[in-house]
Structure formats: structure tokens, C-alpha cells
Amino acid sequence: MEARAIVRKLVASPVPVSVDRFSLPHEMTGTKYTFEFSKGEKQILRKCKKTAVSKWAECHRMLVPESSSLPGPWRNDVTPYLVDVMDSLFFSSVQTVIVCAAPQVGKTEVLLNALGYAVDREPGPAMIIYPDKIAAQDASRDRIQPLFKSSPQLTQYLTGSTDDEGSLRINLRHMPIYMGWAHSASRLASKPARYILFDEVDKFPTTSNKKEADPQSLGEKRGRTYRNRKFLKISSPTTESGPIWVALNNEAQVVFGYKVRCPICGHEHEIDFDQIKYPDREGMDPSLYAETVESEKLAAYECPNMGCKWDDGIRDKAVGLGGWFDRVTGIDIKTYLKTYRPKKIGFHIPSWLSRFVSLSEVAAAFLRGQKSSLNPDWKEKLKDFMNSHKAEPWVNYQQERTEAKILALKDDRPRLLVPGGDVVSCMTAAIDTQSGRGGYFPYEIRAWGYGMINESWLVADGEVDSFEALAEVLWDREYKDSQGNPYLVRLALIDAMGHRTDEVYDFCRMNRGRILPIKGEQTMARPFVYSQIDAYPGSNKPIPGGLKLLRLNVTHYKNALSNRLEINPADPGAYNLHSEVSDAWAREMTAEFVNEKGFWECPKGRPNHAWDIAGYNLAAADLLNVKSIKKKGSAKPRKQAPKRTTNPYTNGR
Ligand SMILES: [Zn+2]
């Protein structure tokens, strides 16, 4: 037996061998021979081993025109975000790499480069598992065989016999490559393999056979005999319970996100879809506007730090300057791997990292997923946007509130008119703090009835763009009923968690007693809790006199709001709107849905201020304990109370 062939056979063996020195029985005589590498050979072996997959790919990988828009030698600068994904698979501690990625980001190339590297540098039996037999055969013909035939370095491992180049098994000189598919339970069960590569796991059926384990665990069993086994799982996501999302969230010990660096201001961050901007086209159907945005390339990215404008070219540069970071600790991937030596790691790759996907294409995909009368299959398209661009699962939801149902809650009062007849016990206000457009405050003022029935009326809604204007709306403007009785805003709550926390705190401090800063939280044991704060955020600068921050359980209040909106407007406890409420306001009230985890969620990019602040206003009524306020002389209910009835919150004015 030729010495080189023996070496290959040994390295490919499932029994771990020392690379320095090994012995093997002669094929014919059975006599044991011991081989030892010379110093020079050992050095070469070490050097070979140390090459990263990405470096190896640049030397030896060729892309063929049939499967690549950029045929020729592999270049890492085309998909810089794939470098660490490939390289980390061969990091000593890493056994499993999970890649949750949008299509068009080159995730299949990760598999092919890893396979090529394994064949050339760390050989061992490999199994690639596809969703079905046809996919396995197609991949073998269109991807795997061209991988070997296009690269001189890899061609040398082909035996030259067509028998060895089958569609479901390729026998190289020193190792086999098996093509499996999810339904091939017996095939999966019979072959041990050091490399198990799963392609498109979300397209796998849940089990290969009713009595069998699922294809993933079945495949993983094949690798058990190898201490240095490697698993690669690649897919676009489908739903939250789909295999790749489950693997990313439950199996991976660390999930890396890709931070780009702004070529203009240097800001490092993960690209935020909400920062992909395009001009407003009020009144134009979103599905039609999508075509315009895409064909005229209207979308651009706005760097969240300085508002630097990026076109696709600058985006590509920013991606080139970027790198992977642990999403929890913010530690870069190289430091993380060395420090924590994780076994199972995950990568999340949205479409907008890829130079093959333009920002306008992303924006258009989002617009196509917006509900409109011209767009009956918007849900399918929104699903596509989530899976194929955000690389996130699709959450199917029941929309409980329709715009029409919200608009049906209107009564005949004009905006700013408080209902008369002594039905109102007090008024509250809620304000959102928005940073866009130079900063503005969507607000809502609501009047509350008496007692447990807790009927309420929207009195005013709108937006102001300064704290001065806000003070005027809250405390200087006169709100009256039809008889001319004035009403005051008794308590206001303002969101303090936008970008203007310092200013909100100052505003609340200067208006102590009638407005509170709030922080919304999804999970809390109680509806609300106060926290004492003594310093401005991120500093030791004391807040004069300190301040109470109200922490609100937004899940609780949004659930309550959702229930409240179900009440028929003719029934006690109705949630009334004034007659001038706009369709846009009603749409905002329908924006959010309850996700699979039971939390209210807003689809990215959909305005929901009205819904948010309506929830805050319910909390304000709770804080004032409106339900316990009883009407004076309420023993005899009067339909039309005389106007001289003193309102307890107007100091008798
Ligand atoms: Zn910037």
C-alpha cells in the first residue's frame, strides 16, 4: 500500500490515531509496520491544519457559473460575514454550528467550503442530509460534484471511476461522502460519519419514520464514534417551533449577531430594519408603492448614531468593516471562543448583510407584506419578509381588533368636548416620547366616569413637538363639557424610555404631583411598581429632589385595553371615542397582536402610539383609583345633572 494512501486511510479512520506515529498491518502479510513522520513532514502537517477554512477557500475553491453569479475563485470580501461562520466550525472546542440565515446570503457556500476543507485538511467520512431524496440528488449533481471537479486541489481526491461518483455516495480516494435525506432512516442509521452537515433543516419532516427519532438526532447519532465530530445545521427559519429557530434559541450556548461599522462615523451596530428609510407616500397602496421603491431604488439606510445616509455601496463597506459579537455580552467572536470554549454556537444572518440584496429590495418586501384592500395575500408576503429578510420566524396571529370595530366606538362629541351631565369623575393623560422627526409627543386625554362601571371617553388625541406645547395641552388648555363646566387633567403619565430620558425627568420634576415618568415592562408580578431614582441615566449627576419612576406592566394594561375595546358602545363601561378620531388612529389601535409567548408585539415598522398610550391611560386611571370615586348623591341617578354640581377635581371652579 502506498504510504500516502495509508496516511489518508488512517486519518479517515473512526479510531483516533496519533498523527506523529502509527502502525498498520500489511494488507497481504498481516505484519505490522510502524510509520513515523519526519520533522519536516510534521511541520507541513501542522501548517496545513492551521489554515482557516476561509483562507483555504480563497486558495482552492472555485465557483462555477451554473451556481454562482460571481464565478471564479472564492473571495471572502464578497461575503465577509461568512468568514467566521466557516472558520469557527473547525475551532477546537466547537462541535455544532447553527446558521439561521435568510436566502441569498451564501449559507450553502459555508457548507461547501467546510466540506472542501474537511476533505483536503481534516478528512473523515462526511454525510450531508437534505430535506428529501430529490434535493439530495440535485445537490450532489449541481453542487457537490462541481465542487471537486472545479478545484484542482480537490480533483486529486477523485478516483476517476464513475462508479465512485454516484448521486447519493461519492467515494473519494481517502473518504466517503454520503448524501442522506430526512426520510432515509435506514441510510441515516447505517453509516458512521465524522461530519454531519444538515442543509435546510426547516424543510425536514418532523420525523423520518413514526418509530424513529427525528432526522436531526438520527443524523447526530452517526457522529458519536468520532470525538472530533462536527455538525453544521443550516436553514432559513419558518416558525418559532421550526428546527433552526429552536436550535438557535435552545441548543446554541451563544448566538452571534453581526455588527457593521458605519464608514462615515465609525458607529458599530447591528443593522436595524427600522432604519431603512424611504419617502412617505400617504394614500398610495403599499403593495403598489413597493414596486416604485424597488424599481427607483428609493430606500436608504440611516445610521442610528449620526443619521449618516448609506446607499447599497456604503452598506457593503459597513458590512466589510464589521464582525460577529455575542448578542448577550457584546464580546467579539474570537475572544469569546478563546475565553469560553463553547461547544455549540449559533449565527443569525438577515438578508441585508448580503451585497446581493439591495436596501430597496428589503423595503419593498416589507411593503408587500402590509395589509390593504389591493393586497389580499399580504399575510403570505409578510411571512416571506420575516423568513427571507429578517431571518426570523413567522408568528401567525389572530387579529382581534379591526379598524371598523374601533371606529364604531365613536360618539357624536367633537374633539375636545367633555361629556356633560355630571358623568365624568376626572381626566387623565398619557404621552409617548418619540425621537423621530426631531422629537415629538403623541398624547391622549381621556375622561373617566364614576365607580366600578368605569366608562370612559376620549377627549383629545394628537401630537405636539415640544415640552412647552405639551404643558399647554395638559394644563393650560380648558376642557369643558357642553354646559361650560371645566375639567382638569388630574394625572399624566409620560414614557421616559425614549432617547430623551433626562429631559423627561426634568419636565416631570418641574411639574411634580401631576405627571409621572414611566417605564413599560413586559413581565412583572404586579400591574405597577414605583422605583426611586436619584441620578440621571448613565451618570452620577443627581436629580434635584429625586424622582419616582413608575414601572408599568404593559402586558397587563394592554390585555385590559383589549378587553375594554370588546364592550359594545351601548353597554355600561363602554370605551367611547370622540367623533373626529381618524382612520390612522384606529389603525394604530389594531397594530399589535399577542405572540406565541403571550406578549403584545408590534410588527416592525407599524405605528402603534395610540395603542401604547391608551394602555398608559388605563394605568393612570388605576393609579387614581377611579373605580372608587363615587358621585355625590349617587343614590338617585340623574340622567341630566344640573351644571352646578361641583366637580371634586376642579376645586369648585
Ligand atoms: Zn454613522
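Positions are given from 1, in the same order as the sequence printed here. Numbering of ligands and ligand atoms starts at 1, following listing order.
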* Asked: Any sub-3.5 Å donor-acceptor pair from Trp324's side-chain atoms to Tyr81's backbone N or O?
  ->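 Answer holds: yes.
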* To do: Taking 2.8 Å as the upper limit, name the protein N, O or S atoms near the Zn ion (ligand 1).
  =>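 Metal shell, protein only: Cys262 SG, Cys265 SG, Cys303 SG, Cys308 SG.
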* To do: Can you spot which of Leu112, Leu111, Ile234 makes a side chain to side chain contact (heavy atoms under 4.5 Å, CB included) with Leu197?
  =>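 That would be Leu111; it is the only one of Leu112, Leu111, Ile234 passing the side chain to side chain contact (heavy atoms under 4.5 Å, CB included) with Leu197.
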* So how far is it from Cys602 SG to Asp612 CG, rounded to the nearest 0.5 Å? ->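 If we round to the nearest 0.5 Å, Cys602:SG and Asp612:CG are 7.5 Å apart.
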* **Gap separating the CZ atom of Arg327 from the NE2 atom of His348, nearest 0.5 angstrom** =>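 Between Arg327 CZ and His348 NE2, I get 5.5 Å after rounding to 0.5 Å.
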* **Step-by-step side chain to side chain donor-acceptor pair (under 3.5 Å) determination, Asp384 to Ser388** => CA-CA 5 Å; Asp384 185 61; Ser388 305; 3.0 Å; yes
* Using a distance-only test with no angle check, is there a side-chain donor-acceptor pair under 3.5 angstrom linking Arg315 and Ser358? ->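 No pair is found: no donor N or O on one side chain lies under 3.5 Å from an acceptor on the other.
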